[in-house]
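Take a look at the structure below.
Worth knowing before you read on, the calculation uses all heavy atoms, side chains too, and leaves out hydrogens, waters and symmetry mates.
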Amino acid sequence: MDEIIRIENIKREFLVGDEVVKALRGVSFTIGQGEFVTIMGTSGSGKSTLLNILGCLDVPTSGEYYLDGISVRQMSKNDRATLRNRKIGFIFQNYNLLPKTTSIENVELPLMYNRDVSHAERRERAIAALQEVGLGDRLTHKSNQLSGGQMQRVAIARALVNNPVIILADEATGNLDTRTSYEVLALFQRLHRDGRTIIFVTHNPELAAFSSRTITLRDGRIVSDQRNAHLESAEKVLASMPKEED
C-alpha cells in the first residue's frame with residue numbers, strides 16, 4: 001500500500017495569554033492509499049488542531065508532515081494553499097456552498113484556481129462528479145432548492161472534482177438526520193471501495209465502525225490506533241430502517 005500521509009512526532013503549541021497550551025503532544029502515524037480512517041476525539045483532544053495541520057491550514061510547532069511525499073512544514077503559505085487545492089478535498093459539517101448558486105457552479109469552484117483546466121473541462125468534470133454522488137438530476141438546482149443530504153452530496157462532489165489524494169471530512173454528518181447520515185456514510189464506503197483515501201474526523205464513536213481504521217486522540221496524544229476487523233455496512237443499516245412515510 002502506497003503511503004499518502006506521514007506524521008512524525010507532531011507537536012502544536014499555542015500561547016494563550018501567559019500560558020502555553022499544548023494542543024498536540026507528539027503525534028505520529030502513517031495513512032496508506034485507499035484507507036478509510038476515522039480520527040476521533042472529544043472536545044479538547046487535539047482533533048481540530050490535527051485536522052487543520054492535515055488540511056494544510058496550519059503548521060506544527062515541531063515535527064514533520066509529509067503529504068503524498070511532499071514535506072509541508074517548511075512550505076510558504078501560498079505553496080501550502082496550492083498543495084491544499086490540488087491534493088485535498090474538503091467536506092465540512094455546514095456544507096459551505098455558495099447560496100443561490102447551482103450545483104455545477106459550486107462543484108466547479110476548486111477548479112477555478114487551476115489555469116490548466118479550461119471552462120469546458122471544468123464543467124465536464126463537475127457534471128461527472130455530481131453524477132458520481134447520485135445528483136445527475138440536480139445539476140442546475142440552486143443550493144436553496146436542495147435538502148441537507150443533497151447539499152452534502154454537492155459538497156462531496158466538490159471535494160472529488162480535483163481528484164485529490166485524500167478526502168478530508170470534518171463532522172460531515174453532524175447536521176444531518178439519522179437516515180441521511182447513513183446515506184452519506186454509504187456513499188463514503190462506496191468511494192472507499194473505489195480506492196479513494198478518506199479521513200473522517202468526528203467526536204461520535206458510533207461512526208468509527210463504518211471505517212477501516214480508527215485513530216483516537218485524548219489530551220493531544222494518540223491513545224489508540226486500531227484496524228476494524230469487521231466493517232459495518234451503512235447500506236445494510238439503511239435497508240433495516242423503517243420506510244419513511246410520504
The criterion is side-chain contact (heavy atoms from CB on, under 4.5 Å); which residues satisfy it with [X], sequence neighbours excluded?
{"X": "V165", "answer": "I4, L67, D68, K87"}
{"X": "L231", "answer": "Q189"}
{"X": "S28", "answer": "N9"}
{"X": "R221", "answer": "R25"}

What closest approach, in Å, do [X] and [Y] show between heavy atoms, and which atom pair accounts for it?
{"X": "E183", "Y": "R153", "value": "O-NH2, 3.8 Å"}
{"X": "I10", "Y": "E64", "value": "CD1-O, 3.4 Å"}
{"X": "T30", "Y": "R213", "value": "O-NH1, 2.8 Å"}
{"X": "A208", "Y": "T38", "value": "CA-OG1, 3.9 Å"}

With sequence neighbours left out, write down each residue that passes salt bridge (Lys or Arg N to Asp or Glu O under 4.0 Å) with [X], or none if nothing qualifies.
{"X": "D219", "value": "none"}
{"X": "E121", "value": "R125"}
{"X": "R218", "value": "none"}
{"X": "R190", "value": "D194"}

[X] (side chain) donor-acceptor with [Y] (main chain) under 3.5 angstrom:
{"X": "E19", "Y": "V16", "result": "no"}
{"X": "R179", "Y": "P242", "result": "yes"}
{"X": "N144", "Y": "K100", "result": "no"}
{"X": "R84", "Y": "C56", "result": "yes"}
{"X": "N106", "Y": "L98", "result": "yes"}
{"X": "N228", "Y": "T214", "result": "no"}

Residue pair [X] / [Y], side-chain heavy-atom distance below 4.5 Å:
{"X": "M112", "Y": "R122", "value": "yes"}
{"X": "F29", "Y": "L50", "value": "yes"}
{"X": "I53", "Y": "L24", "value": "yes"}
{"X": "E108", "Y": "R123", "value": "yes"}
{"X": "T61", "Y": "F14", "value": "no"}
{"X": "I156", "Y": "L191", "value": "yes"}

When clusters are formed from ILVMFWY side-chain contacts under 4.5 Å, directly or step by step, what else is grouped with V20? L15
Among Ile, Leu, Val, Met, Phe, Trp and Tyr joined by side-chain contacts under 4.5 Å, find the other residues sharing a cluster with V59 and list them by chain and number. none
Evaluate side chain to side chain contact (heavy atoms under 4.5 Å, CB included) for L54 paired with I39, printing each intermediate quantity in order. CA-CA 11 Å; L54 290 174; I39 295 180; 3.7 Å; yes
ILVMFWY network linking L51 to I215, side-chain heavy atoms under 4.5 angstrom: yes
Are F92 and F200 grouped together when hydrophobic residues (ILVMFWY) are joined by side-chain heavy atoms under 4.5 angstrom apart? no
Could you walk me through whether N163 and R196 satisfy the side chain to side chain contact (heavy atoms under 4.5 Å, CB included) test, starting with their C-alpha distance in whole Å, then the side-chain angles of each, then the deciding distance to 0.1 Å, before giving a yes or no? CA-CA 9 Å; N163 196 27; R196 301 277 187 175; 3.2 Å; yes
Ion pair present between E35 and R227, side-chain N to carboxylate O less than 4.0 angstrom? yes
Interatomic distance, D116 atom CG to L111 atom CG [nearest 0.5 angstrom]: 11.0 Å
Of the options F188, Y182, F36, which is the one that meets F210 in a ring-ring contact (aromatic ring centres under 6.0 Å, His included)? Y182
Can you give each donor-acceptor pair under 3.5 Å made by side-chain atoms of residues 126-141, sequence neighbours left out, with the distance rounded to 0.1 Å?
none

Tell me the side chain to side chain donor-acceptor pair (under 3.5 Å) pairs involving residues 164-175, sequence neighbours left out? Q93-N175, N94-N175, E171-T202, E171-H203
